[in-house]
Amino acid sequence: MAQINRDSNRITVEGSCDVQSFHYLLSHIHHAIEKAGYQEIILDFGACTSAYPSSMVAICAQVMSNRDAGIDIATELPSDNKLLRLFQNTNWAYLLDPRKYDPSTFRGYTQVPVTQYKTPEEQHDAVNRIVNAILGAIPNMERSDFAAFEWSINEITDNVLTHAQSPIGGVVQVSTFQRNKKLVQFIVADAGVGIPHTLRETHPELTSDTDALDKAIREGVTRDKSVGQGNGLFGSYQICSHCNGKFQVDSGHGRLLFTENKGLRVSNEKIPYAGTLVVAEIDFSKPHLLEEALKFGGEKYTPVDFVETNYESIGSERIVFKMKEEAESFGSRPAGTPVRNKLKNLFAMSESQKIFVDFE
């Protein structure tokens, strides 16, 4: 855990900015603004030695919200060169201090830098970019499992626009890990009113934030049935728990956490999170496991997927793969790797369909 201190309007982060650290960092920012009255804040990550994506995405969302409210926040990046590049590649640096740092130019296929979205169109583009990257990053995926992942990230990102009332919209980041398992982690954060607040509008019996989070992952629970069925968090939790992944939700004073080793726990956090943070880790190692997770009302649900909407020709028995839309160039093996993975996945997912590769 990081050592976080404040000296006037300068807040320093020393050590590892892990899953607990962001609560303390955000508390220092809150006190500097609300208690000490500072309108200009300096975030100093110079002595930071490591940073967890979930913590950094949560911090980015809150810093962006404070900036939107008129607070001037400047950021100093880590002195460690490897960590400095991580801040730049993931887009953390830009979102924390857009005046000082440029947007990420990372072009790797195993990570999708933090992306902000404020409109349905931006959310749709962000989800398409993510699922397109995963299709090229994780080899040998079952189509039903891929569709379940797409459904989950689409639902969680859409919840922000539908329920959160977040002034900055939402931010989403995705990473893949293939050392021992085919793991995909996605993180979605906002700076809205939070799950406990929205659920109490129609469920006044929820007297604590922990009760609200526990209720939020139950089937059919939502603030307003006219804008959704309330299955986004429920289905995403089912997907993560079925594959023994990880599922975490921070909102208000509540934290809901599922891990393979300890199962499901809901705890009260002394320092609240002003918004909602969702962290989902999905393991694609066991085929057909995720499709069994998507059941609503006892019925198996099969969502429309990216393959159908982007590759399958209407009224045709073939999948059209246009090379000019897949990469800027094919002058190296690294440039070809995600395209090869994508073609292999499409071949496995296409059943009797032929794949038409267009080199025009």
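Numbers here simply count residues along the sequence, with the first being 1.
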Return the CG to NE2 distance between L233 and H163, rounded to the nearest 0.5 Å. 8.5 Å
Side chain E14, main chain A2, donor-acceptor under 3.5 Å: no
Would I73 and I42 show up in the same hydrophobic cluster when neighbours are defined by side-chain heavy atoms closer than 4.5 Å? no
H242 side chain vs Q238 backbone, donor-acceptor pair below 3.5 Å: yes
Does S152 reach the side chain of F186, with side-chain heavy atoms less than 4.5 Å apart? yes
CZ (F106) with more than 12 external heavy atoms under 6.0 Å: yes
Just checking E205: does its CD atom have more than 12 heavy atoms from other residues, nucleotides or ligands closer to it than 6.0 angstrom? yes
Shortest non-hydrogen contact from D68 to P167? OD2-CB, 3.6 Å
In Å, rounded to the nearest 0.5 Å, how long is the span from CD of Q116 to CD of Q123? 13.5 Å
Should the heavy atoms of other residues, nucleotides or ligands under 6.0 Å from NZ of K100 be counted, would the total exceed 12? yes
Atom of Y273, atom of A189 and distance for their closest heavy-atom approach: OH-CB, 3.9 Å
Under a 4.5 Å cut-off applied to non-hydrogen side-chain atoms, are I134 and M141 in contact? yes
Counting only heavy atoms from other residues, nucleotides and ligands, does the tally under 6.0 Å from CZ of F306 exceed 12? yes
What residues, two or more places apart in sequence or in another chain, satisfy ring-ring contact (aromatic ring centres under 6.0 Å, His included) together with F321? Y311
Beyond-backbone contact of P196 with L206, side-chain heavy atoms, under 4.5 angstrom: no
Short question: side chain of Y94, backbone of N89 - any donor-acceptor pair under 3.5 Å? no
Have N261 and T259 got a donor and an acceptor in their side chains that come within less than 3.5 Å? no
State whether the side chain of S166 and the backbone N or O of A191 hold a donor-acceptor pair below 3.5 Å, judged by distance alone. yes
Gap between atom CG of L25 and atom SG of C17 - 0.5 Å precision: 6.0 Å
If you define the side chain from C-beta out and look only at heavy atoms, does anything of M323 sit under 4.5 Å from V339? yes
Assess the side chains of S21 and D18: does a donor N or O sit below 3.5 Å from an acceptor N or O? yes
Donor + acceptor pair across side chains of Q248, D250 (<3.5 Å): yes
Shortest non-hydrogen pair, R67 vs D97, comes out as NH2-N, 3.7 Å
Going only through I, L, V, M, F, W and Y residues with side-chain contacts under 4.5 Å, is there a path from I282 to Y52? no
Pairs flagged by salt bridge (charged side-chain N to carboxylate O under 4.0 Å, His left out) wherever residues 129-143 is involved - sequence neighbours left out: R143-D305, R143-E312
Thinking salt bridges, do R10 and E40 make one under a 4.0 Å N-O criterion? no
Any donor and acceptor pair, going by atom type alone, linking the side chain of S65 with main-chain N or O of A61 inside 3.5 Å? no
Minimum heavy-atom distance I195-T198, with the two atoms named: O-OG1, 2.9 Å
Expected output: side-chain T115 to main-chain P113 donor-acceptor under 3.5 Å: yes
Note: K246 and C240 closest approach over all heavy atoms is O-SG, 3.5 Å
Assess the side chains of D102 and Q88: does a donor N or O sit below 3.5 Å from an acceptor N or O? no
Are L343 and I355 close enough that some pair of their side-chain heavy atoms sits under 4.5 Å apart? yes
Could you go through the salt bridge (Lys or Arg N to Asp or Glu O under 4.0 Å) check for D80 and R85 one step at a time? CA-CA 9 Å; D80 178 81; R85 289 194 300 272; over 6 Å; no
Between D190 and K118, does a salt bridge (Lys or Arg N to Asp or Glu O under 4.0 Å) hold up when you go through it step by step? CA-CA 10 Å; D190 66 64; K118 299 180 73 174; over 6 Å; no
Hphob cluster co-occupancy, V171 + V131, side-chain heavy atoms under 4.5 angstrom: no
Does R6 use its side chain to pair, donor to acceptor, with the backbone of S8 at less than 3.5 Å? yes
State plainly whether one hydrophobic cluster holds both V114 and F22, where clusters connect Ile, Leu, Val, Met, Phe, Trp and Tyr through side-chain heavy atoms under 4.5 angstrom apart. yes
State yes or no: do I153 and V307 share one hydrophobic cluster built from I, L, V, M, F, W and Y residues joined by side-chain heavy-atom distances below 4.5 Å, directly or via other members? yes
Is the backbone of P139 close enough, under 3.5 Å, to the side chain of K182 for a donor and an acceptor to pair up by distance? yes
Answer yes or no: is there a donor N or O on one side and an acceptor on the other, between the side chain of H253 and the main chain of E269, under 3.5 Å? yes
Can you tell me how far CZ of R318 sits from OG of S350, rounded to the nearest 0.5 angstrom? 13.5 Å
Quick one: do the D211 and S208 side chains pair a donor with an acceptor below 3.5 Å? yes
Within the structure provided, determine whether Q185 and V279 are in side-chain contact (heavy-atom separation under 4.5 Å). yes
With side chains defined as the heavy atoms from C-beta onward, is the minimum distance between P120 and L161 less than 4.5 Å? yes
Please confirm whether the backbone N or O of F234 pairs with a side-chain atom of E219, one donor and one acceptor, at under 3.5 Å? no
Any side-chain heavy-atom pair from W92 and Q173 closer than 4.5 angstrom? yes
Do you know which two heavy atoms are closest between I271 and S27, and how far apart they sit? CG2-CB, 3.8 Å
With D209 as partner, the option from R200, R255, K215, K270 fulfilling salt bridge (Lys or Arg N to Asp or Glu O under 4.0 Å) is R200
Ionic contact status for E360 with K322, cut-off 4.0 Å: no
